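Just so it is clear, the structure is predicted and the values come from calculations on it, not from any experiment. First the proteins, then the strands, lettered A, B, ... as listed; each starts at 1.
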There are 2 protein chains.
Amino acid sequence: MESRCENCIVRQFNSLRAMSKEELKAVSDSKTTKTIKKGEPLFEEGDKLNGVYCVRNGVSKLSKLSSNGKDQIVKLASTGEVIGQRSVVAQECANLSAIAVNDMEVCFIPKETINHTLQKNPNFTLEVLRHMAHDLKEADDVIVNMSQKTVKQRIAEAFLYLKNNFGEDENGFLALSLSREDISNVVGTATESAIRIISEFKKKGLIHTSGKKVGIKNERKLVELVEGF
Amino acid sequence: MESRCENCIVRQFNSLRAMSKEELKAVSDSKTTKTIKKGEPLFEEGDKLNGVYCVRNGVSKLSKLSSNGKDQIVKLASTGEVIGQRSVVAQECANLSAIAVNDMEVCFIPKETINHTLQKNPNFTLEVLRHMAHDLKEADDVIVNMSQKTVKQRIAEAFLYLKNNFGEDENGFLALSLSREDISNVVGTATESAIRIISEFKKKGLIHTSGKKVGIKNERKLVELVEGF
DNA sequence: ACCAAAAGCTGATAATTGTCATAGTCTCCC
DNA sequence: GGGAGACTATGACAATTATCAGCTTTTGGT
């Protein structure tokens, strides 16, 4: 389980691929590997972050508590993604909480190592910038979806997203199975509303379920629903 | 009206302040100044951008068309802000349309000049990165507001935002006066709903209006409303 | 100053979504 | 394997928001 960043495949998917051999060595020497159990936090909103977390395994939900007492899940981060980068770059406290949806294995990289490379290696900085530009585009798109689509459309979209990003298991169920409550926190609705719509999708043959597990049955119709028939 | 970037005050508010004398000179030599009339676009979503726009005067709305045919305004950009940076950095087509809310005066800076500096000057890249980190935080906060707050709360928040960011005129009206339709596109609701709630605010003495102009009368109560009483 | 077009306003009604209450079902731990 | 607690499900109802229609006011151009 313990390994060197230089040999880590996960690196290929994030901005660390723009680091030089020497810089990677420094990261490898300063990093620590942590195991986070399902439901435990990597950090909570408001925390001062002393570094970033590179996800080797598992999925984390990034969420924020609204003044109405409900959590809104803003993003799901999985293998290869770096969590906490925004806060470290902006030198701010965490704007979101990061909680493990699964058992996770992450590498913690101290912010000094990151900041040092940011100042020395323009390619790395540019790579981080490109990733953040991508995240910003996604966030803008989420804003549009949240405000302009119905709950039904947003739930359909969430299922398609889960299939495309995390795949299916051998029985045709979504590989990442979220609780109904997490689903409602992703699409920004009441848990009961989400459950009702999921039941409706099941009745209409768009999906099949087994306990909390959900599988996509009629992808075409789900896509049509998202687009507005 | 024509001037050198080296002497431009606007620069202090954006990432161009991290440029060296020589780099600024290059920007100054390659830039062109444009006047955009109210209602006209700087660019539309899907356009290939050949550079960024630095706002000297006026305000632009950045919006995206949803599949239901409605525009969602994602951000308002005014004096000092650089528009189009995300697309140029990510080397993608514009994700949003930029339309002048006011008569505007902007400087167009070709992307070659920006990209060259991004690769040569890590301080500039880092500065752009910090700005984008800030934008991303704001976008995440908007997601939470959109999904967890009522239309009433979002409209109250929009008025407070307009006061804090654009100030008031001599008569106590918001200096930036948006049409009711623009307001509804900011908060993501139907124009009639926005109008209805604005009328209600007026009846309750939270705001005063005159034509399309709106002024804040009871800021404390508006804040309470946003927080949920 | 006038006229057309755009923007603002209001009511009636329908659709969507949230809330509260209650009951069934699953899961995990002892 | 049994039971506590969490999760899922459904009904009834209330609140919020959208839609459609018609009307008034404001605005901008000639």
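With rounding to whole Å, B:Asn68 atom CG is found 14 Å from C:dT16 atom C1'. In this structure, A:Gln153 atom CD and C:dT17 atom C1' are separated by 14 Å, rounded to whole Å. Computed from coordinates, the B:Glu181 CD to C:dA6 C1' distance equals 10 Å when rounded to whole Å. Between the CD atom of A:Glu192 and the C1' atom of C:dA23 there is a distance of 14 Å, given to the nearest Å. Atoms NZ (A:Lys213) and P (C:dC26) sit 15 Å apart, rounded to a whole Å. Whole-Å rounding puts the A:Ile195 CD1 to C:dA23 P distance at 17 Å. In this structure, B:Arg180 places its CZ atom 10 Å from P of C:dT10, rounding to the nearest Å.
Bracketed by its first and final contacts, the part of DNA chain D lying under 4.0 Å from non-hydrogen atoms of chain B reaches from D:dT17 to D:dC20 in 5' to 3' order.
If you check every strand for non-hydrogen atoms under 4.0 Å, B:Ser179 touches sugar and phosphate atoms only. At a threshold of 4.0 angstrom between heavy atoms, the contacts of B:Thr191 with the nucleic acid are absent. A:Thr150 comes within 4.0 angstrom of sugar-phosphate atoms only, judged by non-hydrogen atoms across all strands, and of no base. Among the heavy atoms of the strands lying under 4.0 Å from B:Lys70 are primed sugar atoms or P, OP1, OP2 only; no base atom is included.
Each end of the helix from C:dA1-D:dT30 to C:dC30-D:dG1 gets its own rotation axis from five pairs of C1' atoms, and the angle between them is 60° to the nearest 10 degrees.
Using the six-membered ring where Trp is involved, B:Phe166 and B:Tyr161 have ring planes that are perpendicular, over 60° apart on the 30 and 60° scheme. Between A:Phe201 and A:Phe159, the ring-plane angle classifies as perpendicular under the 30° and 60° cut-offs.
Side-chain atoms of A:Asn171 do not come within 3.5 Å of backbone N or O of A:Phe173 as any donor-acceptor pair. Side chain of A:Ser66 to backbone of A:Gly69: no donor-acceptor contact under 3.5 angstrom is found. At least one donor-acceptor pair closer than 3.5 Å links the side chain of B:Gln72 to the backbone N or O of B:Val186.
For the residue pair B:Asp141/A:Asn95, the side-chain donor-acceptor check at 3.5 Å is satisfied.
Sequence order on DNA chain D of the closest nucleotides to A:Leu178 and A:Ser147 puts A:Leu178 first from the 5' end. Between B:Ile198 and A:Arg154, the residue whose closest nucleotide on DNA chain C is further toward the 5' end is B:Ile198. Both A:Lys212 and A:Lys149 lie near DNA chain C, and the one whose nearest nucleotide falls closer to the 5' end is A:Lys149.
Considering B:Leu65, B:Val74, B:Ile73 in turn, B:Val74 is the only one that fulfils the side chain to side chain contact (heavy atoms under 4.5 Å, CB included) rule with B:Leu96. Each of A:Lys217, A:Arg220, A:Lys221 was compared with A:Leu206 under the side chain to side chain contact (heavy atoms under 4.5 Å, CB included) criterion, and only A:Lys221 meets it.
When all heavy atoms of A:Leu49 and A:Gly84 are compared, the closest pair comes out as CD1-CA, 3.8 Å.
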Let me see the working for A:Ser60 and A:Val55 under side-chain contact (heavy atoms from CB on, under 4.5 Å), right down to the final yes or no.
-> CA-CA 9 Å; A:Ser60 169; A:Val55 181; 5.6 Å; no
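Side-chain atoms of B:Arg196 come within donor-acceptor range of the base of C:dG11, with a qualifying N/O pair under 3.5 Å.
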